Structure formats: C-alpha cells, structure tokens
Participant: 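Just passing along the structure, written as structure tokens.
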Amino acid sequence: MPELPEVETVRRQLEPRLVGRTLVAYAVRDARWTEPRSPNEVVAPLVGRRIEGFHRRGKYLIWEAEDELFLLIHLRMTGNLLYDAPEGTLYTRAHFGFDDGHDLRFVDPRRFGTGWLLAGQSELDAYLDARLGVEPFSDGFTAEHLRRLARGSRAPIKAFLLDQKRIAGIGNIYADEALFRSRIHPLRQAGRVTTAQWELLRDAVVDALSAGIDARGASIDDFRDLDGARGSFQDRFLIHRRADDGCLECGGPIRKILAAGRGTYVCEHCQPRPRGARIVPMTR
DNA sequence: GTGATAACCTGGGTGC
DNA sequence: TGCACCCAGGTTATCA
C-alpha cells in the first residue's frame with residue numbers, strides 16, 4: 001500500500017524525467033478519479049504548461065506546473081504511476097502525454113485514487129494544512145511535539161500514528177514497524193506513552209520510513225515504481241505480515257490483532273500489553 | 001470534542 | 001470446478 005516511502009520513491013523517479021517537460025495530451029478514462037469535478041476541469045488547465053517540479057506532502061504527490069498550478073495525486077490503496085507502460089495496460093484511469101514523446105499513466109485497480117487541481121501556493125497550503133499534520137522528516141517532528149499532540153488522548157497509539165491530521169504519511173505497514181522498533185504495544189493509549197517512549201517512537205518512525213525509502217518502498221500486493229518494478233522493503237519487515245514467523249528479537253510468537261480497525265502485528269513479549277487492553281485476535 | 005465504524009472498491013483467498 | 005463470501009486498507013462521513 002502506498003505510504004510516504006512509496007510516494008517518495010515515485011517522486012524521486014519522476015523529477016529527472018519530467019521536470020521541464022510540457023503536457024501535450026491527456027485522456028481520463030475514469031471520471032471517478034477527479035470527482036466531484038470533471039476530468040476536463042482538473043486536467044485541461046495543465047495542457048501546454050511546463051512542469052516545474054514534483055513534491056510530496058504526506059502521501060500526496062504534487063505535480064507543479066507553470067503559473068502555480070498544482071495537480072495533487074493520491075494513490076490511496078492500489079494506485080500506481082507508470083512511465084512508458086505498454087499500450088493496453090490494465091486499469092489505466094488517466095493517461096498523460098508529454099512533448100518529448102514519453103507518457104505517464106495512473107493505474108488503479110480499486111479506483112480509490114484521486115486527482116485534484118489547486119491554483120496558487122496559498123490554495124495548496126490551505127488544502128494540505130487542513131488535512132495533514134507534521135512531516136516526519138521535518139524539524140517539527142520531535143518527541144515533545146508528539147507528546148503534546150497526544151496529551152489526554154485515550155485512542156490507541158496505532159490510531160494516533162495513522163491519523164494524517166497529526167502525522168502525515170504513516171500507514172498500516174510503517175505504523176507496525178515503528179511500534180515494534182520502539183517496543184510499544186499498538187493498543188497502548190496515546191496519552192499514556194511516556195516521554196522516554198516518545199523519544200524512541202519518534203526515532204523509530206524516522207528509521208522505518210527511511211528504510212522504506214532506501215528499499216524503494218514495499219510491494220506486498222500492488223505497489224510498483226515508475227518503471228513497474230517492485231520495492232523490496234517487504235523483505236526487510238521486522239513485524240508486519242510475519243504472523244507465521246517467530247519474532248526476530250525474542251523468537252516468541254507474532255500475533256495479528258485488530259487495532260484502530262486495521263490488521264496489526266505485535267510481539268507481546270517485546271511489546272508488553274498494557275493493563276486492561278482488550279485484544280481482538282485476527283485469524284487471517 | 002473524541003473515538004469507533006461504515007462506505008467506497010475490486011482482486012485474491014478461503015470454504016463449501 | 002465453481003460459486004459465495006470475506007478481507008485488505010486510506011480517507012471521509014457519520015454516529016455514539
């Protein structure tokens with residue numbers, strides 16, 4: 001599932017290939033991609049405009065065109081951007097042609113991905129600020145900031161990490177990996193995480209995301225990079241999807257439980273269960 | 001205000 | 001073998 005590292009992987013590949021290029025043609029084959037706006041409303045303004053850059057905020061990929069036009073692309077669960085993919089590539093929702101003869105496809109079997117156009121830096125900032133909290137690779141991502149955000153919260157720490165309005169870019173995989181690295185149980189109440197644990201968790205989030213970027217993302221199911229290649233972070237998971245294996249730290253069992261409504265992997269020896277936490281096991 | 005849950009969507013896995 | 005059902009999960013809306 002595309003989270004921050006997967007989006008960053010694609011962004012880094014797009015930049016050298018498409019910055020300076022001009023969009024000359026497009027076809028949106030699934031109007032749902034731009035709902036509630038029409039595809040023409042969202043994409044037509046970009047035609048004839050030079051691409052100035054590709055940026056990322058959380059899990060959003062931002063295509064910056066001339067005159068401060070921004071196309072926000074969200075891959076959601078199964079979206080992929082493919083460069084020069086073969087004609088007839090299945091599940092192509094949008095297709096972009098550039099002045100150098102190359103092309104880019106947005107491919108998305110489950111049709112959850114979105115495309116959204118914003119005009120002007122202030123409109124972009126307002127849109128993102130309303131939806132996203134602190135960036136994990138920014139100076140503001142400190143243990144003290146996290147501790148303040150969580151003060152009084154009774155929600156499980158797993159839900160806290162997944163809340164994009166608090167921290168931008170973490171999804172199910174990297175939440176599990178960061179919690180295991182910091183030895184915090186996913187069901188611990190966010191407001192009860194200690195100062196020392198926030199320090200560990202802050203570093204664990206950065207470590208897990210950095211490792212994901214180094215591995216060019218995780219390809220459990222659908223994620224592919226710009227060239228259609230798989231990432232390799234799934235081969236380096238410490239806890240996520242390892243319910244059939246023993247814990248790499250202690251050799252104990254890894255359980256799959258429900259936390260924040262998501263399948264969550266935990267070693268309850270390394271990540272002690274908080275008193276009173278109610279476990280909902282998952283079998284699949 | 002906060003936290004939990006449903007809905008969106010479809011491919012793949014499971015059970016009968 | 002074929003069918004029905006369940007599950008996966010990022011985000012948003014809705015409900016308690």
Side-chain angles (χ1 to χ4, degrees), chain A residues 1-8 10 29-37 56-61 72-81 89-94 106-116 127-133 136 148-179 186-193 209 212 217-224 230-231 233-234 237 239-244 256-265 274 276-284:
Chain A
M1 309 297 163
E3 304 180 27
L4 186 157
E6 287 73 31
V7 178
E8 180 63 22
V10 172
R29 297 174 189 172
D30 181 5
R32 190 186 149 79
W33 186 60
T34 59
E35 276 183 354
R37 295 192 198 168
R56 182 195 55 74
R57 256 296 259 136
K59 301 172 193 172
Y60 285 93
L61 180 73
L72 264 69
I73 298 173
H74 201 303
L75 304 176
R76 298 285 180 115
M77 288 174 59
T78 57
N80 282 307
L81 285 165
T89 296
L90 288 175
Y91 311 119
T92 298
R93 307 298 175 194
F106 181 75
V107 175
D108 187 8
R110 291 186 204 176
R111 303 170 66 205
F112 278 7
T114 54
W116 193 250
Y127 185 92
L128 294 174
D129 289 347
R131 289 165 175 79
L132 301 177
R148 276 202 306 269
L149 281 179
R151 190 178 293 159
S153 172
R154 302 178 66 175
I157 186 67
K158 171 91 182 236
F160 178 87
L161 291 177
L162 293 176
D163 183 352
Q164 302 301 300
K165 287 188 171 134
R166 290 182 165 123
I167 307 170
I170 302 175
N172 203 36
I173 294 171
Y174 293 91
D176 281 1
E177 292 294 311
L179 287 169
L187 294 178
R188 173 165 293 282
Q189 289 182 3
R192 295 196 163 203
V193 170
L209 293 174
S219 297
I220 300 170
D221 295 315
D222 300 280
F223 174 70
R224 297 293 182 272
R230 295 167 65 86
F233 191 55
Q234 68 281 1
F237 286 168
I239 188 88
H240 190 76
R241 301 235 176 176
R242 292 179 53 87
D244 294 335
K256 185 181 183 187
I257 64 171
L258 190 70
R262 296 286 174 253
T264 298
Y265 296 83
R278 198 169 59 85
I279 297 288
V280 179
M282 297 180 78
T283 51
R284 285 176 66 174

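Small disclaimer: the values here were computed from a predicted structure and weren't measured. By convention in this document, chain letters (A, B, ...) are assigned in the order of the sequence lines, proteins followed by strands, and residues within each chain are numbered from 1.
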Participant: What is the per-nucleotide protein-contact pattern of nucleotides 1-8 of chain B, from the 5' end, where B denotes a base atom under 4.0 Å from a protein heavy atom, S denotes such proximity for sugar-phosphate atoms only, and - denotes neither?
Facilitator: --SS---B
Participant: Excluding sequence neighbours, so at least two apart, what forms side-chain hydrogen bond (donor to acceptor under 3.5 Å, both in side chains) with A:Glu8?
Facilitator: A:Arg11, A:Arg12, A:Arg56
Participant: Can you list everything that forms a side-chain hydrogen bond (donor to acceptor under 3.5 Å, both in side chains) with A:Tyr60? Sequence neighbours excluded, please.
Facilitator: none
Participant: Do any side-chain nitrogens or oxygens of A:His74 fall under 4.0 Å of OP1 or OP2 in C:dT11?
Facilitator: yes
Participant: What are the residues of residues 171-179 of chain A, sorted by number, that bring a heavy atom to within less than 4.0 Å of DNA chain C?
Facilitator: A:Asn172
Participant: May I have all residue pairs that pass ring pair (Phe, Tyr, Trp, His ring centres under 6.0 Å) and include part of residues 158-178 of chain A, sequence neighbours excluded?
Facilitator: A:Phe160-A:Trp198, A:Tyr174-A:Phe233
Participant: Return the set of residues passing side-chain hydrogen bond (donor to acceptor under 3.5 Å, both in side chains) with A:Asp129 (not counting sequence neighbours), or none when no residue passes.
Facilitator: none
Participant: The criterion is salt bridge (charged side-chain N to carboxylate O under 4.0 Å, His left out); which residues satisfy it with A:Arg151, sequence neighbours excluded?
Facilitator: none
Participant: Does the side chain of A:Gln164 get closer than 4.0 angstrom to OP1 or OP2 of C:dT11 through an N or O atom?
Facilitator: yes
Participant: Checking A:Arg230 side chain against A:Ser219 main chain: does a donor-acceptor pair fall under 3.5 Å?
Facilitator: yes
Participant: Using five pairs at each end of the helix from B:dT2-C:dA16 to B:dC16-C:dG2 to define an axis, what is the angle between those two axes, to 10°?
Facilitator: 60°
Participant: Among all residues two or more places apart in sequence or in another chain, which pass the ring-ring contact (aromatic ring centres under 6.0 Å, His included) test with A:Phe106?
Facilitator: A:Trp33
Participant: With sequence neighbours excluded, tell me which residues meet salt bridge (charged side-chain N to carboxylate O under 4.0 Å, His left out) with A:Arg76.
Facilitator: none
Participant: Partners of A:Asp176 by side-chain hydrogen bond (donor to acceptor under 3.5 Å, both in side chains), sequence neighbours excluded?
Facilitator: A:Lys158, A:His240
Participant: Set out, line by line, the N/O atom pairs under 3.5 Å between protein and nucleotides 14-16 of chain C.
Facilitator:
none

